[in-house]
Amino acid sequence: MADAVLEVQSLNVRFTTPDGPVQAVRNLEFRVNPGETLGIVGESGSGKSQTALAIMGLLAANGRADGSARFKGDELIGLSDGDMNRVRGAQISMVFQDPMTSLNPYLTVGNQMRHVLQRHLGLSRGEALRHARTMLEMVRISEAERRLAMYPHELSGGMRQRVMIAMALSCRPGLLIADEPTTALDVTVQAQILKLMRELKSEFNTSILLITHDMGVVAGNADSVLVMRDGECREYGSVDKVFYKPADDYTRALLAAVPRLDEAMPERLATVSAPPTELGAEIAAVEKPRTNHAARQLLTVDGLGVRFRVAQPGLFARAQSLVAVDDVSFELAAGETLGVVGESGCGKSSLARAVLQLIPTASGRVCLLGRDLEQLARRELKNMRRDMQVIFQDPQASLDPRMTVAQIVGEPLNTFRPDLGQPERNERILSVLLRVGLAAEHLNRYPHEFSGGQAQRIGIARALMFDPQLIVCDEPVSALDVSIQAQIINLLMDLQVERGLSLIFIAHDLAVVRHISHRVMVMYLGRAVEVADRQSLYEHPRHPYTLALINAVPIPDPVVERSRQQQPLSGDLPSPLEPPSGCGFRTRCPHAIQRCADERPLLRPVGKSLVACHRAEEIE
Amino acid sequence: MLRFALKRVLGAIPTLLVLIALAFFLIKAAPGGPFDTDRRLPPEIEANLQAAYNLDEPLYRQFGLYLGGLLKGDFGPSFQYRDYTVTELIAAGFPVSLRLGGLAMLLAFVVGVAVGTVAALKQNAFTDHAAMAAAMIGISVPNFVMAPLLVLVFAVTLKWLPAGGLGDWRNFVLPVVALALPQIAYIARLTRGSMIEVLRADFIRTARAQGLPQRAVIIRHALKPALLPVISYLGPATAAIITGSVVIEQIFGVPGLGRFFVQGALNRDYTLVMGVVVFYGVLIVVFNLIVDLVYGWLDPRVQYQ
């Protein structure tokens, strides 16, 4: 075997904290061979990012690494900052998770790229800018010259990550460390970026250390896999071995917890149930029939539109109107779940807020239990709110950090039942807390003392206080680890069965939506492009955008991933301020014809689905 | 951006009107008048003087006349310095005050940012604590205490610098330092806080991961964002420097606008006081506008509306 690009031996990372020493990485060993991609997989807190930072010498001030990490034979651990600076960016470079915060918002793309080149390659300013331009072209950025003068906020998320990659590869490093490079991106953009990384890897002859929590991403992109938990290696081997013959319980649990698009669905998602220190994997799929479609109509949304005014620069420019939701209609029966899927900016959150009357609607009607919410007086609307509740995406950010759990969960009681005495209040609060899997001892704690999954349970408890008929879940699991996601989804499904709840479940992740939804609505640029029951949507996607979304989801199966036709959607979402004429999707659609530009397709029945596409019948 | 500037200038007009009205009626409400002297003037002469300066008119008419004059750019004649118009007095005093205030501002900015940055880099080390303790003193000691102390040490005891008056650059050192000290302290604290926050940002980690040395990371990547809060403070800082200079000019005997202001107020020189108030008001408005524009230039994400 050729000499390793990176060889890590008995690596430890320790932090001194006010609460005593914490060991983030324990005795880690691995190697990355030339041209190889090693995937490091783990959930948050597993130490995977700290491993990368330790190799780069970028640990926080209270962190210390010991052991050995050799890059092409040279020891990196313990190197002085000056020596390390000759390695960083030049021979080992790094791409981070969030391209918005990881690029300097105060500098143009060209200037940021130029600094690196001038430092490591000793280029002049002009040469460096020329080289930067070439790099942008290599990461398939159009109009590279113009982009150099732009600031990061003027670029789309996908384009920003391309810039990060261009910057990282610009000095032709031997090793690229990518720390969750696609986690912050939409699924179609993720597919683009992953494809780009695969192509560039051979073009630049670079080895890659790919850090991710997503088994699907690993399956299609890594040659070897290292599974980490609590700072330790749980499993290390070739990708096929880890996926098909996992030796460790945790690996098996992790694989089972991922909702998959390509398989028949289990009724419940398997969960990794043990708290992160002691593992007892419970992979039993509990059989439980789901009650379906009670006939009673709960919610009717008819021609709903939401608009925002966006001020324009310029002396005499008039504020422009941004159509966030455009003529969306749907119905929801009692006990039913409607999944709403689309990429960021498609209007799914605006739709949620408009349904709940949290933002004003521009047109259309929302009727809950036969009553038009807009016609209601404020008092009546307030009373209706008992029946329509909401769960938000970021459980930590959506809970008041200065209120205890009892106060948060009990707050609806102040509004609707101020007459209740203290013992009765406490009893009610405790009963919902117990229902969502929390305990009495949690009552007087504050949100920051909880993990993400527990915090989301608090949010669910608050929503459940008055036994609502409808809960709008706005990306409730997007911020959570895979195993925790499964727990929350299972909880929501149980609650639905138990109480006949109706759910609107918003997500960008098709796999999660598939699991919980009876029907799914796909949105693009504020419009519904396809509405279908779950089975038809996933088995016979009719709209080219639905198909593209499904194809973009990575599947945690190396063989399937390798054999898949990788043809990610090109381009980005068009600006909602200047939507394309006719069909909004035509600018990215492989099947677009002239008619798509001339005439806006309306939702119409095709097979068992409702599809807004002129060519739905021709495309299979 | 042009629209923003225009809107801001137009928006300042009501502010200035309120300011003018307040100053006008307050000074009229103060007992005494511009022609009170030790020897009582004969009533006829006083009546003539009153009439000559329109002081016999009802108050609202006087206010109207004053506003009318302002619109034409006429601050009126000074009551005290009989041969000069207020405009001429401002033109004589302002260059001196501008030099004093401008130098103080420059000094405060440069030293404050430098001290703040060093403190941030040595966070919680001795340098940091020492610098911040000094800054705390700078903020809490008022400049009318600091100024005599400086004179006592550097002029009276050490005899390095003159205690006052107007001459070469050496006369400026003590007043500029006395004026700048509280601002240095404040800016240092601001810079330290924002620098510490910026250094934790993801894009600083990116810059480090690219192998840029500490100096380049600070100067090219961290300084600009860290300066933003300091820039927005420069608006209020101007106001502070202006009020400070009124005291400092008095203590060091610098013949600037501040001295005219104090003299004018003591002598009930209505037009002079009003003129200085309006002038300073406009100055502060304009400076705040400039600060906002600079802020937008530094932060490309700011959109003017």
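Since the model is a prediction, treat every value here as computed from it, not as a measurement. So that the names make sense, note that chain A is the first sequence line, chain B the second, and so on, each numbered from 1.
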Side chain / backbone / both / neither for A:His115 at chain B, heavy atoms under 4.5 Å: both
Region of A:Asn104 that comes under 4.5 Å of a non-hydrogen atom in chain B: both
Worked verdict on A:Gln112 versus B:Arg220 for side chain to side chain contact (heavy atoms under 4.5 Å, CB included): CA-CA 9 Å; A:Gln112 299 189 49; B:Arg220 287 185 181 152; over 6 Å; no
Closest non-hydrogen atom pair between B:Pro300 and A:Pro105, with its separation: CG-O, 3.2 Å
Contact residues of residues 195-215 of chain B (partner chain A; heavy-atom separation under 4.5 angstrom): B:Asp202, B:Phe203, B:Arg205, B:Thr206, B:Arg208, B:Ala209, B:Gln210, B:Gly211, B:Leu212, B:Pro213
Option in A:Met94, A:His120, A:Met84 with maximal non-hydrogen atom pairs under 4.5 Å from chain B: A:His120
From NZ (B:Lys224) to CG (A:Leu107), nearest 0.5 Å: 5.5 Å
Heavy-atom proximity to chain B below 4.5 Å, by part of A:Leu103: backbone
Gap separating the OH atom of A:Tyr106 from the CG atom of B:Leu223, nearest 0.5 angstrom: 12.0 Å
CZ (A:Arg307) with more than 12 external heavy atoms under 6.0 Å: no
Top contributor to chain B interface from A:Glu154, A:Met167, A:Arg86 [non-hydrogen pairs under 4.5 Å]: A:Met167
Exceeds 12 heavy-atom contacts within 6.0 angstrom, atom NZ of A:Lys201: yes
Other residues, nucleotides, ligands: >12 heavy atoms within 6.0 Å of B:Arg99 CZ: no
Which portion of A:Met164 sits near chain B, non-hydrogen atoms under 4.5 angstrom: side chain
Exceeds 12 heavy-atom contacts within 6.0 angstrom, atom CD of A:Glu578: no
Counterpart residues, side chain to side chain contact (heavy atoms under 4.5 Å, CB included), relative to B:Ser245 (two or more places apart): B:Leu179, B:Glu249, B:Tyr280
Residue part contacting chain B, namely of A:Leu53, when any heavy atom lies under 4.5 Å: side chain
Residues, nucleotides or ligands: over 12 heavy atoms within 6.0 Å of B:Tyr186 OH: no
